[in-house]
Amino acid sequence: MLVFPQDSNLTKHTNLPDLPACFQLSVLPWTPCIYLWLASPFYILYLKKNNRGYIMMSILNRIKTVLGLMLWIVCWTDLFSSFHEMSQNQSKPPIYFVTPLIVGMTMLLATFLIQYERLKGVQSSGVLFIFWTISVLCAIVLTMETALPANGVEDKLRFTMFYIYFGLTLIQLILSCFNEKPPLFLTLKNDCPIFLFVFYSMAIKGYKSPLENKDLWLLNKQDSSELVVPNLVKEQATFRKAGPGAEPNHMSVSPEEEEEEEEVLLSKWKEVRQPSFLRALLRAFGPYFLIGSAFKLLQDLITFVNPQLLRLLIDFTKQTNAPLWWGYSLAFLMFGTSLLQTLILHQHFQYCFVTGMRLRSGIIGAIYRKALAITNEAKRSSTVGEVVNLMSVDAQRFMDLTTFLNMLWSAPLQIILALFFLWQNLGPSVLAGVAVMVLLIPFNAFIAMKTRTYQVEQMKHKDDRIKLMNEILNGIKVLKLYAWEVSFKEKILQIRQKELTVLRKTAYLSALSTMAWTSAPFMVALTTFAVYVTVDEKNVLDAEKAFVSLSLFNILRFPLNMLPQVISSIVQASVSLKRIQDFLSHDELDPESVDRRNNASGNGADVINGTFSWAKQDQATLDNINVMVPQGSLLAVVGHVGCGKTSLVSALLGEMEKQEGQISIRGSVAYVPQQAWIQNATLRDNILFGRPYVEQRYRCVLEACALTPDLEVLPGGDQTEIGEKGINLSGGQRQRVSLARALYSEADVYLLDDPLSAVDAHVAKHIFDNVIGPEGALKGKTRILVTHGISFLPQVDNILVMVDGRVSEMGSYQDLLKQNGAFAEFLRNYSLEDIIEDDEVTVRMSHQSVRLSSVCCRQMSIMSNDLENPKKMSRRRLSSHDVCVLCVLQVKFKVYWEYAKAVGPFLSLFICFLYGCQSAASIGANFWLSEWTNDAQHNRTQDQVSMRVGVYAALGISQGVLVMFSSFTLALGKIQAARKLHQTLLDNKFHTPQSFFDTTPIGRIINRFSKDIYVIDEVLPSTILMFLGTFFASLSTMIVIICSTPIFALVIGPLALIYFFVQRFYVATSRQLKRLESVSRSPIYSHFSETITGTSVIRAYGRNAAFVLMSDMKVDENQKSYYPGIVSNRWLGVRIEFIGNCIVLFAALLAVIGKDKLSPGLVGLSVSYALQVTMSLNWMVRMTSDLESNIVAVERVKEYSETQTEAPWIVTDKQPPPDWPPKGNVEFADYSVRYREGLDLVLRNISLKVEGGEKIGIVGRTGAGKSSMTLCLFRLLEAADGEIVIDEVKISEIGLHDLRSKLTIIPQEPVLFSGTLRMNLDPFEKYSDEEVWKALELSHLKRFVSNQTSKLDLECCEGGENLSVGQRQLVCLARALLRKTRILVLDEATAAVDLETDDLIQSTIRTQFEDCTVFTIAHRLNTIMDYTRVLVLDKGQIAEFDTPTNLIAQKGIFYGMAKDAGLA
């Protein structure tokens, strides 16, 4: 039916082309219709599944609908006029009936879609936008055809109807660019069509003023963790169950399998386990990703249209008589295909990025959920730092991979297509070029393999460095007190040196591969052309062949560059996959190990024949335990340090591996751990812990836990924000908050792990009376109390005595005394006469203790706490601080200069110079090629071939060499910068005063050492490399086009202006989005590390789900600022590529206009250059933006490298003699101190003299300034007034290390570092093994250590987790014994130790430090009753100072305290 003309010359070789009538009536009108009918079924299905609520009828919507109906009427008017003519016996071909019918039906479909979208809440429609665009384009062609003919219009009706149709479709196209109102009942507002104007509002807002959180769109439901994570977890579970070894955890395993050897089971499991997580990911995220892949396929095919058009264009310039309209059509066709390619490519990217975003949410969610369930053994194998790395680095790797993943099949496809067209162009000579490519593949593969091994090695060093850094920052106070900074700094620098060595190797490798891939297209072109002209004398290289081949080689360049990158990305992701999979396949705690159903015995808690260990293969920690706790009774658990008291509590919580026996607990559980776990939230939230707020109950709880007085002192009352790990509460307050949380939870069973050790004696009594004891708030509940305080034992129902992991005896207090066993022996050593007092004293005391506890606020006595502490001020102030630091700082030129200085200013200039040279060589080579192709026209070919090939080769090869040189110098520069910046940061942090660490969250400092240093090491240099590359590439394009068609210079101005505006707009907004994203990223990780440290508490209270929800919210909050970032990238891409497409258009148009003056070689050169400019322009904006975001890392590192430092470590001209202090005399002269500038004094005008060898006890109510006094001796606090003199030397004049190395402290909280026990005792290796063993013997650890297989090389976990708190305290004592200095300070050191060990410590101190001056901050007054003198502090001043006996006789403050403790 379609009668196309047989001779295309009719169309092409007239001055005005004429399309055949049949083509006009069929193909043109049908094209948009076919598109819409094909797309709509899928689109309707999609809308059915994704309902977003409906939109009210708006004026815009009404106009669109009316226009749609009018279009239908217009089409059918045509149809009826055809019927009318038929009835008038004028026969018309069938096409006159078919076309109006089809177009009319399509317009009805479009109108239906307009309404259907409104009902489904679509604000702007991509499908209809494309439909109206195609309709308008086809109509424009028809308009040109039906323009008024010379002899007047024959068919007036059709002519009029067509122009009405054209007008209406144009209006529809314009209207579809505007957004509808958001749907009702709906919070989701970011279904962002790429090529529309949604992003403009945000871009303008971001350009004018800093963006804030409220300006961001809310996440789409299907991108939120709420849907993504469960989906992934579900898929993972299905695969787990599918494997033959089934589940490694404690799920069901069939009996036959259980009988098999465990080894077999494990090996089977290994085989199955590997693919499971990957397959789960594919199942969960694959289908959505495939839509993106379809777009990619389409884009790949369209890419090859332009080289064919270029061939026609060069062909056109050769023909003298070709009509101009044909040239213009070709120019516009080139523009059109480029435009289409842009739109399709960005749709593909949008799908990929959203998939990546979901992947990250899914992986983080899965890891978080797993971390809440893993066993202690598993927790031991991966530290907090490593798991946070899984969430940050490894999840990020997956996210990055999704962008490129399609290249795996797309690259080979593009290569095959390019080779096919090249073969058509140049014949078999192409094989020479292919051979070069094939040879490059193993070279690149080798580099990728090497890079991978280095990558793994570097990750390991990085993990080690961050882990060590984390510990150093956690224990920085101890390092300062012991003057150990140098040793630990050396350790960090050793790791850093290894890291940089690996980095240098990687950098050299990447320089080689950069050279390979920059020179590859050129080498291919060179060999192909050389072979082509030398093989056969008839082969002439003309412009058409050369430049079409060149543009095909340029297309080849991208897949060839990408393949190795994609492969290395996949390799990295596979490393990450393995790490994540290993973590996700850890064993989980068995939720069934504790029977929570009401047990028949009627007891509150039972353990029958229980044997427990911390890990499956460990020996049992608790052996054959039988405990029955009657409902509502109070059981005290006592025993020596390390005998398994805490383990028993853990076993009851189900935290240990149950090897045999059974446990049952009746009802819900509340748990108070030995070291209180405090969340970074308000004080009230910490106590409520997710339960509803009931005023009355809450007040009672505060009163009972003696927290009411503390609230009066805290700046925000119970709304005070508590810092990480409860940094701004004292140890006692933390413990009381933890207790209040348990009390408020109203559980059935209370497990209290030594909650009274951290609080003062009178507060402990108050808490026992009001909470735990027989008359306390918990009477009638089942309570299990681990305790060292023997004064409370007479009041408990039963006592359980533990010895070495077994129950040695159990019974009531009286029974155990009668049995005369270990317990009675234990009690006899400690005078008990005064503990059992008469009731009235107790009553009087409990009143008094309430009064006393009103001073009970250690707010002032721990360094980190003071009223103006920025760390704990309201969350509002903290976040606004972050935002103002992060957002408003435009990255100044100064920061670039800082980085250039770190690289070396001359080196920086030299690098730029090399890049310039390499671009010059490349332009030279191409101009030479253009000259060479012009030989063909003048028939002066053969004689010059060798000369032409030679010069071409020389220019190209010199370019490759220059590339390599510039990459090498850049690599040298980057290593230098990385070393310098890290070194200054590290130096500064070790010299920073303690107050900085107390007011800055550790996460923030760690972030500088991990993320920012990583950016400086790896990301920033490659960004700079890419930036310089693309900048010079864009520059050379402009130069080439201007050289061939100088008039192009006029166009460059306006285009450059648009480019600049788009770039500024984008960079301003994108930078802020990046910053918002990074500000919202830290809470994910800090919440995570907080959760990991508190898993046992979270599980005990059954709060898993709530914490999972919190984590999900934080991830979503972060993705909320990431999503607009993706959209902004697409927005930018479309606009920049449009500018690139305009350059193509103008280059082609100018070539057409000046075709008589230009040689085909120049036309080919300028257009083929223009075709590649889009890529470089796009990358240049990307890189500018990346450069700005990444250079922030330098700024952040710089900011923390310039914080104020403490006094110098060593003052050479004031160094004290080596044997100083010979006597140990200490004198405070009118001494005052405050924590920081602008705060009140904590010690006022203290004056006292202590003779060498005196033993001084320091006591006082909480907050009196006891700890502050000891910190002053070490100059952790600098004097505000007055002096401290030790043996005639003013301590303020000597270096800090000279001072601190001559004093010894046993701190309140024992801090251990991961490493060997020997390293923890003697990091500088000053002492011999004999001396170390002697110290261990004196600190009663020798038996424990010699029982260990590795003896002194016993590995301590992070924070010394594998030693009990008491043992850690003893390690600190051993440190003191090793140093053996003249002055010893004990800070509440015995709080976590049972009485017997306490006794041992005291006797050791008395014998070993007999001739030393000892200052003890006493908790238990009985430890200082035999001291030389006691110093009583009150509100920072000396209240009493005399011998203990005199003080008791004076009946002052000390007498009152001694009376409370039953000593007076």
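The distance from atom CG of Leu512 to atom CD1 of Ile447, rounded to the nearest 0.5 Å, is 5.0 Å. For the atom pair Ile1126 CD1 and Cys352 SG, the distance stands at 10.5 Å (nearest 0.5 Å). The distance from atom CG of Leu500 to atom NE2 of His982, rounded to the nearest 0.5 Å, is 8.5 Å. The line from OH of Tyr1014 to CG of Asn1007 is 13.5 Å long, rounded to the nearest 0.5 Å. Rounding to the nearest 0.5 angstrom, the gap separating the CG atom in Leu473 from the CZ atom in Arg1004 is 13.5 Å. The CE atom of Met469 lies 12.5 Å from the NZ atom of Lys491; values are rounded to the nearest 0.5 Å.
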| Stepwise salt bridge (Lys or Arg N to Asp or Glu O under 4.0 Å) test for Glu1195 and Lys1198 | CA-CA 5 Å; Glu1195 180 185 34; Lys1198 212 69 202 146; over 6 Å; no
Requested in this report: Under the side chain to side chain contact (heavy atoms under 4.5 Å, CB included) rule, what do Arg1075 and Val1192 come out as? Steps first, then yes or no, please.
Outcome: CA-CA 9 Å; Arg1075 295 206 163 142; Val1192 174; 2.7 Å; yes
Next item on the list: Take Val229 and Tyr368 through the test side chain to side chain contact (heavy atoms under 4.5 Å, CB included) and record every step on the way to the result.
Entry: CA-CA 10 Å; Val229 187; Tyr368 188 86; over 6 Å; no
Walk me through it: do Tyr351 and His348 pass the test ring-ring contact (aromatic ring centres under 6.0 Å, His included)? CA-CA 5 Å; Tyr351 278 101; His348 153 249; 8.9 Å; no
Applying salt bridge (Lys or Arg N to Asp or Glu O under 4.0 Å), run through Glu588 and Lys370 and close with a yes or a no.
CA-CA 8 Å; Glu588 295 185 9; Lys370 184 74 183 184; 2.9 Å; yes
(request) Before giving the answer on salt bridge (Lys or Arg N to Asp or Glu O under 4.0 Å), spell out for Glu1117 and Lys1120 the whole-Å C-alpha distance, their side-chain angles and the decisive distance to 0.1 Å. (result) CA-CA 5 Å; Glu1117 194 57 34; Lys1120 201 171 93 175; 3.6 Å; yes
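Inspection of the Asp300 and Ser410 side chains reveals an N or O donor paired with an N or O acceptor under 3.5 Å. In the model, Ser361 has a side-chain atom that pairs as donor or acceptor with a side-chain atom of Gln1119 under 3.5 Å. No side-chain donor-acceptor contact under 3.5 Å links Tyr1085 and Ser392. Gln497 and Arg979 form a side-chain donor-acceptor contact under 3.5 Å, judged by distance and modelled atom types alone. Side chains of Gln299 and Lys296: a donor-acceptor N/O pair is present below 3.5 angstrom, by distance only. Between the side chains of Thr506 and Gln458, no donor-acceptor pair is found at a separation under 3.5 Å.
The stretch residues 382-408 participates, sequence neighbours left out, in these salt bridge (Lys or Arg N to Asp or Glu O under 4.0 Å) pairs: Asp394-Arg579. Under the ring pair (Phe, Tyr, Trp, His ring centres under 6.0 Å) criterion, the residue pairs touching residues 492-512 are Tyr508-Phe968, with sequence neighbours excluded.
Between Val393 and Met459, the closest side-chain pair of non-hydrogen atoms falls below 4.5 Å. Under the 4.5 Å side-chain criterion, counting only non-hydrogen atoms from C-beta, Leu577 is in contact with Phe398. Taking 4.5 Å as the limit, every side-chain heavy atom of Gln918 sits out of range of all side-chain heavy atoms of Phe1032. Here the side chains of Leu290 and Ser293 are in contact, with some heavy-atom distance below 4.5 Å.
Atom CZ of Phe446 has 12 or fewer heavy atoms from other residues, nucleotides or ligands within 6.0 Å. By the neighbour-count criterion of 12 heavy atoms within 6.0 Å, atom CE of Met1113 is sparsely surrounded, having that number or fewer from other residues, nucleotides or ligands. Heavy atoms of other residues, nucleotides or ligands lying less than 6.0 angstrom from NZ of Lys980 number more than 12. Summarising the local packing, CZ of Phe1027 is surrounded by more than 12 heavy atoms from other residues, nucleotides or ligands at distances under 6.0 Å.
The minimum heavy-atom distance linking Met399 with Gly356 is given by the pair CG-O, 3.5 Å. Considering every non-hydrogen atom in both Gly973 and Val903, the closest pair reads CA-CG1, 3.6 Å. Here the closest non-hydrogen pair linking Tyr899 and Ala977 is CE1-CB, 3.8 Å. Taking both residues in full, the closest heavy atoms of Leu297 and Leu413 are given as CD1-CD2, 3.8 Å, listed atom of the first, atom of the second, then distance. The heavy-atom pair separating Phe295 from Ile344 by the smallest distance is O-CG2, 3.2 Å. Considering every non-hydrogen atom in both Ser225 and Pro230, the closest pair reads O-CD, 3.3 Å.
Remark: side-chain polar atoms of Ser513 are paired, donor with acceptor, to backbone N or O of Ser510 under 3.5 angstrom. Of the possible donor and acceptor atoms, none in the side chain of Lys974 sits under 3.5 Å from a partner among the backbone N and O of Leu503. No side-chain donor-acceptor contact under 3.5 Å links Glu457 to the backbone of Val502. Side chain of Arg465 to backbone of Phe1009: a donor-acceptor contact under 3.5 angstrom is found.
With a 6.0 Å cutoff to the six-membered ring centre and a 45° limit on the axis angle, Arg1008 counts as a cation-pi contact of Tyr1200.
For Asn1118, the side-chain hydrogen bond (donor to acceptor under 3.5 Å, both in side chains) partners are Arg360, Glu1077, Ser1080, not counting sequence neighbours.
Of the candidates Ile1024, Ile1016, Leu1020, Asp1012, Leu1020 is the only one forming a side-chain contact (heavy atoms from CB on, under 4.5 Å) with Asn1190.
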